[in-house]
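One-based numbering along the sequence shown. Reckoned from all heavy atoms, side chains included, excluding hydrogens, waters and symmetry mates. Counting starts at 1 for both ligands and their atoms, following the listed order.
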Amino acid sequence: MSYVDEVIDLVVKQNPAQPEFHQAVKEVMESLRVVIEQNEEAYRRDAVLERLVNPERQLIFRVPWVDDKGQVQVNTAYRVQFNSAIGPYKGGLRLHPSVNLGIIKFLGFEQIFKNSLTGLPIGGGKGGSDFDPKGKSDREIMAFCQSFMTELCKYIGADTDVPAGDIGTGAREIGYMFGQYKRIRGVYEGVLTGKGLSYGGSLARTEATGYGLLYLTTEMLKCNGHDIAGKTVAVSGAGNVAIYAIQKAQQLGAKPVTCSDSTGWIYDPEGIDVALLKEVKEVKRARLTEYAAARPSAQYHDKAAEGTTVWSVKCDVALPCATQNELLLEDAKQLVANGCIAVAEGANMPTTIEATEYLQANGVLFAPGKAANAGGVATSALEMSQNSERLSWTFEEVDGKLKNIMVNIFHNLDDAAKRYGKEGNYVVGANIAGFEKVVNAMTAQGIV
Ligand code: NDP
């Protein structure tokens, strides 16, 4: 059996009931096959792949907190410190009822390669909890965040592990967590990114993942003879990534016509009204029905009642920006039938392996999340740099660096794919380019 197959089997056996983690490992390993097979003996002797798929450290802890009725609630929290070969662990904190160890491991594993692709010195990690921020009061959110950080603060630090936001963890949650870290540890340091501007945050961090997604998508389209201007874009999600992807797409002359949340989706043929979307989602924290109520051109589709998704809308470019496994094989078929030319993942692993393969087989340009959404973590690393030098850069400076990073990422993965005879396969290119740097660093540092 080949080394790659052995390690895939091992991961499935050693990590039962973690399908998302298996999926992420399989996707990466399959695309690394061509690299590993050229060097199989040395990699096997050094157990490079076994070390890569086993986190350096996994923390699981309970988070007790008191709700507004005086009832004690208990959540489970995780921090997986996956790989520190090229820098301190870096990766977000997800707060969502679906969070479990397997989800955090899949995200942490992906993060290793994504962080490597940015060209910046950051290792891979991820964390979170099954706490659901929806419907909680500000006081309850603070109580949870403080209790969560009371334990987490023992294991993180500006030079060891620097968490950030993710689903359910926005500026409010990062603020409460930062305050608690400072109070317990007694140090004012850049231990979290995504902070508010008044206490060490970076301009353009809020916009970075969505903007970065569009910078990379524009470059991918350009290198394949297309222009983003004038394209109709389908976007899923209505959170941080989706909102700023929609905004940048409009600035670049494209027309985003959809967005979605966990209960339904909007089709707005006039183009999404970003100011209204921000008001509904960022200020009121309400459902998309409120968007439809305020916008005559918008049609609201209830997900449970209709079973439809944004991918049924005719578009040139599709940007899944909500969550994992939200673009399935039947969606991919629909996109191809509707003439879609490019899919770029704003979310982490939103496209299933079968859907990805179908899109690629039908000539759709496909940019995987670990490259396409790397703008968020790249700008987090720029926030770390600013914190270290105790300076703040202008919006234009950060945005300019972000754009360069995204364009470079695209060319790195394009080149890596070409080097191994897989031209145009950006999934393979991203995995190879991310892997090479990490494995070089791991090898240089010996068996640790
Ligand atoms: P947000 O919490 O801001 O928004 C998530 C959006 O997706 C919301 O509209 C939410 O709907 C929807 N959603 C969440 N879970 C589900 C689900 N199970 N089914 C359907 N819809 C769902 O998160 P972000 O925008 O920050 O993150 C979105 C994705 O991008 C995630 O995969 C994240 O890991 C990834 N990502 C984020 C980065 C960042 O900088 N924020 C960086 C890189 C990747 P509702 O409003 O109903 O909850």
- Top protein contact for atom 4 (O) of ligand 1, by heavy-atom distance: G239 CA, 3.2 Å
- Query: Backbone, side chain, both or neither: what part of R205 comes under 4.0 angstrom of ligand 1, heavy atoms only?
  - Reply: side chain
- Message: Heavy-atom distances under 4.0 Å decide this one: backbone, side chain, both or neither, for T209 against ligand 1?
- Response: side chain
- Message: So for ligand 1, is N373 a polar contact partner (N or O within less than 3.5 Å, distance only)?
- Response: no
- Message: Does any part of the side chain of V241, heavy atoms only, come nearer than 4.5 Å to the side chain of N373, both counted from C-beta?
- Response: no
- Non-hydrogen atoms of S260 versus ligand 1: any pair closer than 4.0 Å? yes
- For residues Y215 and D399, determine if any side-chain heavy atom of one lies less than 4.5 Å from a side-chain heavy atom of the other. yes
- Task: Flag the pair K222 and E219 as a salt bridge only when some basic side-chain nitrogen lies within less than 4.0 angstrom of an acidic carboxylate oxygen.
- Result: yes
- Given side chain to side chain contact (heavy atoms under 4.5 Å, CB included), test E189 with S388 step by step and report yes or no. CA-CA 8 Å; E189 60 173 6; S388 297; over 6 Å; no
- Side-chain contact, heavy-atom cut-off 4.5 Å: Y426 with F366? no
- Number the atoms of ligand 1 from 1 as they appear, then name those within less than 4.0 Å of a heavy atom of R94, with their elements. 31 (C), 32 (O), 33 (C), 34 (O)
- Protein contact to atom 32 (O) of ligand 1 [nearest heavy atom, distance to 0.1 Å]: N348 N, 3.1 Å
- Message: Determine whether Q111 and N115 satisfy the following criterion, side chain to side chain donor-acceptor pair (under 3.5 Å), listing intermediate values before the conclusion.
- Response: CA-CA 6 Å; Q111 197 82 43; N115 293 3; 3.0 Å; yes
- Message: Would you say that C259 contacts Y291 through its side chain, given a criterion of any heavy-atom pair below 4.5 Å between the two side chains?
- Response: no
- Where is the nearest protein heavy atom to atom 37 (C) of ligand 1: which residue, which atom, and how far? V241 CG2, 3.4 Å
- Message: Which residue and atom name correspond to the protein heavy atom nearest atom 26 (O) of ligand 1, and how close is it?
- Response: N240 CB, 3.8 Å
- Task: Name the closest protein heavy atom to atom 48 (O) of ligand 1, giving the residue it belongs to and the distance to 0.1 Å.
- Result: K134 NZ, 3.0 Å
- Task: May I ask you to decide whether K248 forms a salt bridge with E207, counting only side-chain N to carboxylate O separations under 4.0 Å?
- Result: no
- Query: At a non-hydrogen distance cut-off of under 4.0 Å, which region of S98 contacts ligand 1 (side chain, backbone, both, or neither)?
  - Reply: neither
- Nearest option to atom 10 (C) of ligand 1, as decided by whichever heavy atom of S262, A208, G170, C259 sits closest: S262
- Here the atoms of ligand 1 under 4.0 Å from any heavy atom belonging to K303 are 19 (N), 20 (C)
- Message: Does ligand 1 come near enough to G168 that some N or O of the ligand is less than 3.5 Å from an N or O of the residue?
- Response: yes
- Look at K154 together with E151 and state whether they make a salt bridge at an N to O cut-off of under 4.0 Å. yes
- What is the nearest protein non-hydrogen atom to atom 18 (N) of ligand 1, stated with its residue, atom name and distance? T323 CG2, 3.7 Å
- Classify the contact between Q111 and ligand 1 as side chain, backbone, both or neither, using a heavy-atom distance cut-off of under 4.0 Å. neither
- Query: By number and element, which atoms of ligand 1 are closer than 4.0 Å to a non-hydrogen atom of A347?
  - Reply: 29 (C), 30 (O), 32 (O), 35 (C)
- Message: Contact between M384 and I122 at the side-chain level, heavy atoms closer than 4.5 Å - yes or no?
- Response: yes
- Nearest non-hydrogen protein atom, atom 33 (C) of ligand 1: D166 OD1, 3.1 Å
- Message: Less than 4.5 Å apart, side chain to side chain, heavy atoms only: is that true for V28 and E110?
- Response: yes
- Task: Any chance you could measure M177, atom CE, to S147, atom OG, to the nearest 0.5 Å?
- Result: 11.0 Å
- K281 contact mode with ligand 1 (heavy-atom cut-off under 4.0 Å): side chain
- Item | A238 N/O to ligand 1 N/O under 3.5 Å | yes
- Task: Answer side chain, backbone, both or neither: which part of E326 comes under 4.0 Å from ligand 1, heavy atoms only.
- Result: neither
- Task: May I ask you to test the F106-Q18 pair for a side-chain heavy-atom distance under 4.5 Å?
- Result: no
- Message: Return the CG to CG distance between L277 and L288, rounded to the nearest 0.5 Å.
- Response: 6.5 Å
- Message: So, 4.0 Å and heavy atoms of G165: is ligand 1 close enough to count as a contact?
- Response: no
- Determine whether any heavy atom of Q324 lies closer than 4.0 Å to an atom of ligand 1. no
- Is the shortest heavy-atom distance from the side chain of T193 to the side chain of V377 under 4.5 Å? no
- Looking only at heavy atoms of H96, does any of them come nearer than 4.0 Å to an atom of ligand 1? yes
- For atom 29 (C) of ligand 1, the closest protein heavy atom turns out to be A322 O, 3.2 Å
